[in-house]
Chemist: 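Here it is: the structure, laid out below.
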There are 2 protein chains.
Amino acid sequence: MLMGELSRRSGVPVATIKFYLREGLLPPGTPTAATRASYGEDHLRRLRLIRALLEVGEVSVATIRTILAVVDDRSVGVHQMLGAVQYALGPRLTPPTDGDPHWEAAGREADDLISDMGWIVAPEAPARTLLTATLAALRRTGSAPSGAGLHAYAEALSRLAASEVASLEPAGSPESPAARIALTESAVVGMVLHERVIIALRRLAQEDASARRYG
Amino acid sequence: MLMGELSRRSGVPVATIKFYLREGLLPPGTPTAATRASYGEDHLRRLRLIRALLEVGEVSVATIRTILAVVDDRSVGVHQMLGAVQYALGPRLTPPTDGDPHWEAAGREADDLISDMGWIVAPEAPARTLLTATLAALRRTGSAPSGAGLHAYAEALSRLAASEVASLEPAGSPESPAARIALTESAVVGMVLHERVIIALRRLAQEDASARRYG
DNA sequence: ACTATTAGATAGCAGTACTCTCTAATGGAT
DNA sequence: ATCCATTAGAGAGTACTGCTATCTAATAGT
């Protein structure tokens, strides 16, 4: 497949594909002449993955590059891959250096919740920082949620996450390297886009609840 | 309170506060002289709200301006406010003009889910578009979730949303205009930041589930 | 009187995701 | 054989975002 066909089939402009090649998001095609290279179905698949992460997942180009490097690294297993993706996605928030009481209280609340749930998570997990930062911001604005509400969220998400992780490796270990990559790409896009699905469903449910109560 | 004190108490640089004033995110202080204005606690509260939405909620300045305009509009009720905020947050995705089969299948799936759940949502609700776009992207990348999984998500979020909406108006209607604004700000920050809480909890639960299964 | 601070305005800056332009080489059509 | 479209590869340019810096004139506190 030539650049033009890749562009046509993916809906991505040629100049943009070239940009992704320069940025290392897309591996180069196999050159057939000085001014010609051939691209395969895997390029098309990768391109769709990039666009999904960018347009729907709102993931930055730099983060996508990091994620794809993990996807292409055959030495990492499913668990490490999930962790690496979470680390790449994780908030680039800087915790306050001084002793911010809101931050510290939020950190304690997050730690308590995690241990109450019996969750096994790394101390430096970015999601932990994200939770702390969000709880701290809620405290700062005087809108801290109740502990009971947090637990309800956690219980619900615990069940959803368990079933999703269980479906990650449907048929044993991957057969070929290409199949492994396709499977890993699918897991990544699932991780990122399911978050969007959850947000969309939550907003829809909220609109419904609000309509019933006030509408 | 003078600009300097507002800056010190909020942790936001003076130049940035001036920028928010210019952008209309922060109402001007009451001028006391040609080069002096006085700011109150409401400015401090609003500034914290802006920072929470920006830094944790990842909401753009333009969107925050739109949201704050709704918050300050005393003529809108809770339900309309929620709708307006969702509309402002909503994806700025453009649905494909041509008949994209993935998009259309995703749209049908979203509509089916909404009617299965018995949800009352506007046909043009941005969350509906977000759901459609995300399902379409999942289809394009060959990672479409199962209908059963979607229903499980929807059920869980339906319960969470109902309890959150129920807690929006804790003690009847607001007393003073200032109290109404404070309550509305709290509702907005809750809407936006609780989404982050959910994402953080999901990632934590996923890490735990993955650790138990593969770690 | 002097220094620090402020309002208000304008300009600049760093990062992001492209988009455009150019050159030289090549492929297919006529 | 010769044209025209297409391509690789490289570099510069663009539009937008969220600040940040600089300047002027006015004022407050010491």
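Just so you know, these numbers come straight off a predicted model, no measurement behind them. Here is the naming used below: chain letters follow the sequence lines, and residue numbers restart at 1 for every chain.
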Chemist: Does A:R51 reach a base, just sugar-phosphate, or nothing at all? Heavy atoms under 4.0 Å.
Modeler: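 Here A:R51 touches the backbone only, sparing every base.
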Chemist: Heavy atoms from C-beta onward define the side chain here; which of D:dA8, C:dT5, C:dC18 lies closest to that of B:R36?
Modeler: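 So the side chain of B:R36 is nearest to C:dT5.
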Chemist: Using whole Å, report how far CG of B:L54 lies from P of D:dG18.
Modeler: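 Result: 7 Å.
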Chemist: Under a 4.0 Å threshold between the charged nitrogen and the carboxylate oxygen, would A:R9 count as salt-bridged to A:E41?
Modeler: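 A:R9 and A:E41: salt-bridged.
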Chemist: Is there a side-chain contact between B:I50 and B:L68, using heavy atoms and a 4.5 Å cut-off?
Modeler: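 They are in side-chain contact.
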Chemist: At a heavy-atom distance below 4.0 Å, what parts of residues 13-28 of chain B sit against DNA chain C?
Modeler: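 Residues of residues 13-28 of chain B that come under 4.0 Å of DNA chain C are, in numerical order, B:K18, B:R22.
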Chemist: Rounded to whole angstrom units, what separation is found between the CE atom of A:M3 and the P atom of D:dA10?
Modeler: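 The distance from CE of A:M3 to P of D:dA10 comes to 13 Å, rounded to the nearest Å.
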Chemist: On DNA chain C, compare the nucleotides closest to A:T32 and B:T35; which residue's is nearer the 5' end?
Modeler: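 Nearest-nucleotide comparison on DNA chain C picks B:T35.
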Chemist: Output the distance between atom CD1 (A:I199) and atom CG (B:L131), rounded to the nearest 0.5 Å.
Modeler: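 Result: 12.0 Å between the selected atoms.
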Chemist: Could you tell me whether B:E207 and A:R128 make a salt bridge, using a distance below 4.0 angstrom between a side-chain N and a carboxylate O?
Modeler: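 No, this pair does not count.
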Chemist: Side chains of B:Y20 and B:I64: does their closest heavy-atom pair fall under 4.5 Å?
Modeler: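 Result no, sub-4.5 Å side-chain heavy-atom pair not found.
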Chemist: Among the nucleotides D:dT27, C:dA17, D:dA8, which one has an atom lying closest to any side-chain atom of B:A34?
Modeler: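 Nearest listed nucleotide: D:dT27.
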Chemist: Among D:dA8, D:dT27, C:dT26, which nucleotide has an atom closest to any side-chain atom of A:Y39?
Modeler: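 Of all the options, the side chain of A:Y39 is nearest to D:dA8.
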Chemist: To the nearest Å, how far apart are A:E58 CD and D:dC16 P?
Modeler: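 About 18 Å, once rounded to whole Å.
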Chemist: Can you tell me the distance, in whole Å, between the NE2 atom of A:H43 and the C1' atom of D:dT7?
Modeler: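 It is 15 Å, rounded to the nearest whole Å.
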Chemist: Could you go through the salt bridge (charged side-chain N to carboxylate O under 4.0 Å, His left out) check for A:E104 and A:R139 one step at a time?
Modeler: CA-CA 11 Å; A:E104 288 175 5; A:R139 281 169 181 272; over 6 Å; no
Chemist: Rounded to whole Å, how long is the line connecting atom CE of A:M1 with atom P of D:dA8?
Modeler: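 These atoms are roughly 12 Å apart.
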